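Sequence positions, counted from 1, serve as the residue numbers for this chain. Every value quoted in this text rests on a predicted model; they were computed, and no experiment measured them. Side-chain atoms are counted along with the backbone in the values below, which use heavy atoms only and exclude waters and symmetry mates.
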Amino acid sequence: MPAFPDPSPAAAPRRWTVERRGLAPVPDGERHGSVTSMLWLWVAANIGILGVTMGAGLVTALGLNLWQALVAAAVGSVGSFAFVALISSQGPATGAPVMVASRATFGVLGNLPVTLVSWIVLAGWEAAMCTTATFALLAVLNLIGVPTTAWTGAAAAVVIVGGATVIAWFGHATIWWVQKWLAWVVGTLTLIVCGFGISTVHWVAVLGSPGTDLPGLLAGIGVIAAGTGVGWLSAGGDYTRYLPAATRPGRLFTATLAGAGVPLTLLVGTGSLLAFGNPATADGSDPVGSVGLALPDWLLVPYLITAMLGLLAAADLSMYSSGLNLQALGVPLRRPLAVLATAVPVAAVTVLVVLTSTDVYALLTAVVTAFAMPLAAWAGVVVVDVVQRRHPDPDALVDVRRGSAYWYTAGVHWPAVAAWLGGIAVAVPWARVQFGDQVVFAGFLSDTWVGRSSLGWLVAGLAAMAIYWVLEPVSQRAERASAARAAE
């Protein structure tokens, strides 16, 4: 394993000063901020217009009524972000990024496959957010008379990806500051936009909708969870690591759920309302433009700018965490350069999707569905470690040498890896991955209510938790017995 170039600054990073710290745990003297910072961070990340589009999809694609859509939004977002909050609690305890703290559970080498999965999911999120924001920028340009060509599309994509990259390049302190102001600005503008949009709702259709059955409601919960918290499972702790070690986990848990759950429930509910008056709001090929159909012409430019800023607030978080993931994979780059290394493929995918007018929502759904199960299985194993109060040694987390504290057996903590693979194996039969109407993969149980409800990721997480809960104590007893025999 290569050494990680990671200088240790003598002071906490300041906003608009490039953060040099990468994987090295943050020492107590450099901790700053409070759980309120995390509240604003998650508000900004979840105030984007995709929540409205997902809400519209619950009505037009799954047949939910308003009340069912609100339940799906609340349960799906809060339930999935509960796991984000639990994993994030390791940040103050270790001062390390999520996928570095994960070495204590999976081992130095055993952690590499799950880190790769995490990077793919985060990069997929970035591409989806940046693509949607690019469509918003192109719509603004079109409204002010700038012709939309292939060149303007490519240039707009580069500008959007570049904006997210610049914020992530500066790092942690800048992100916290930007997210706080974006939360206020975008949140206020979003409420205004949604208020005018709701004025177009056909209330007779809303109140008269019969809704769907229980499997349909569960499918809605699964879609919201997979499209919200599941994608952030491996990112939350990258920001909580700068919080003081004495930060109370309960307060951090509450701030995370409130920051994500409240805006998502409001936006998904708004999207479901708009769908009754404008079914085209669930159009995934241009989710920003389709939602704009419900608005008066004079509000379109403010709305599009709001959508663009909200999506940027999510993309910069993913960009920052994916850079740390590259470092955790062993790529010998400092943190700022690792951000650039992620930005290049994200920009390429964004340009390609914009130029080909690919269905963004279908692309996001396909990526999240394909990798949600391995990511959820990883989260299940880590959550068991958190519940069992495993306290990793911060200094040992960055020691990747053979024989180090978290080298375990051949670099792998086999109970954790076995539980991870077992959780995936149990869930695969329920999986269905498709791009639009084209089914890429369908397990033999994908037509059951669990498969139709998009809950394969939950099966993976729960199965991995159960397997690890059994295997880890057995492994520890075997290690103690072996040590006792060696001492005789």
Side-chain angles (χ1 to χ4, degrees), residues 6-15 17 19-46 78 80-105 170-181 183 229 232-262 317 320-321 324 327-328 335 379 381-399 405-406:
D6 190 16
S8 298
R14 295 172 295 178
R15 61 175 178 263
T17 299
E19 177 193 5
R20 300 296 179 184
R21 181 176 303 282
L23 303 185
V26 183
D28 291 340
E30 296 180 26
R31 306 293 187 91
H32 60 94
S34 66
V35 294
T36 304
S37 303
M38 294 303 300
L39 174 70
W40 295 123
L41 181 141
W42 289 121
V43 167
N46 290 286
V78 172
S80 59
F81 268 94
F83 287 93
V84 176
L86 281 171
I87 296 172
S88 297
S89 67
Q90 281 196 314
T94 65
V98 176
M99 299 315 297
V100 173
S102 178
R103 290 172 180 165
T105 304
F170 280 106
H172 191 273
T174 302
I175 289 174
W176 267 14
W177 184 81
V178 168
Q179 296 297 103
K180 179 180 178 179
W181 285 105
W232 293 109
L233 286 171
S234 61
D238 295 343
Y239 307 98
T240 61
R241 66 183 180 136
Y242 273 96
L243 294 176
T247 299
R248 294 171 58 183
R251 293 188 62 199
L252 181 58
F253 189 87
T254 302
T256 301
L257 296 192
V262 172
L317 295 182
Y320 178 82
S321 290
L324 293 174
Q327 286 190 298
R335 190 205 62 80
V381 175
V382 172
V383 165
V384 171
D385 256 5
V386 172
V387 172
Q388 291 180 341
R389 301 184 184 278
R390 176 190 291 271
H391 296 292
D393 179 355
D395 294 327
L397 289 173
V398 290
D399 185 355
Y406 298 122

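Judged purely by atom type and a 3.5 angstrom limit, Thr240 uses its side chain to pair as donor or acceptor with the backbone of Ser88. Put simply, the side chain of Glu19 never gets that close to the backbone of Phe170: no donor and acceptor are under 3.5 Å apart. Under the 3.5 Å distance criterion, the side-chain polar atoms of Ser80 are matched with a main-chain donor or acceptor of Gly229. Under the 3.5 Å distance criterion, the side-chain polar atoms of Tyr239 are left unmatched by any main-chain donor or acceptor of Leu41. Arg31 places a side-chain N or O within donor-acceptor distance of the main-chain N or O of Leu243, the cut-off being under 3.5 Å. Of the possible polar contacts, none joining the Arg251 side chain to the Arg248 backbone as a donor-acceptor pair under 3.5 Å is found.
Remark: aromatic rings of Trp232 and Trp42 are close, center separation under 6.0 Å.
Considering every non-hydrogen atom in both Arg103 and Leu397, the closest pair reads NH1-O, 2.7 Å. Looking at every heavy atom in both residues, Ser234 comes nearest to Val98 through O-CB, 3.5 Å.
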Stepwise side chain to side chain contact (heavy atoms under 4.5 Å, CB included) test for Glu30 and Arg21 | CA-CA 11 Å; Glu30 296 180 26; Arg21 181 176 303 282; 2.9 Å; yes

List the steps and the verdict of side chain to side chain contact (heavy atoms under 4.5 Å, CB included) for Gln179 and Trp40.
-> CA-CA 6 Å; Gln179 296 297 103; Trp40 295 123; 5.6 Å; no

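A heavy-atom distance below 4.5 Å is found between the side chains of Pro97 and Arg241. Side-chain contact between His172 and Trp176: present, with at least one pair of heavy atoms (C-beta onward) separated by less than 4.5 Å. Counting heavy atoms from C-beta on, the side chains of Gln90 and Val386 come closer than 4.5 Å.
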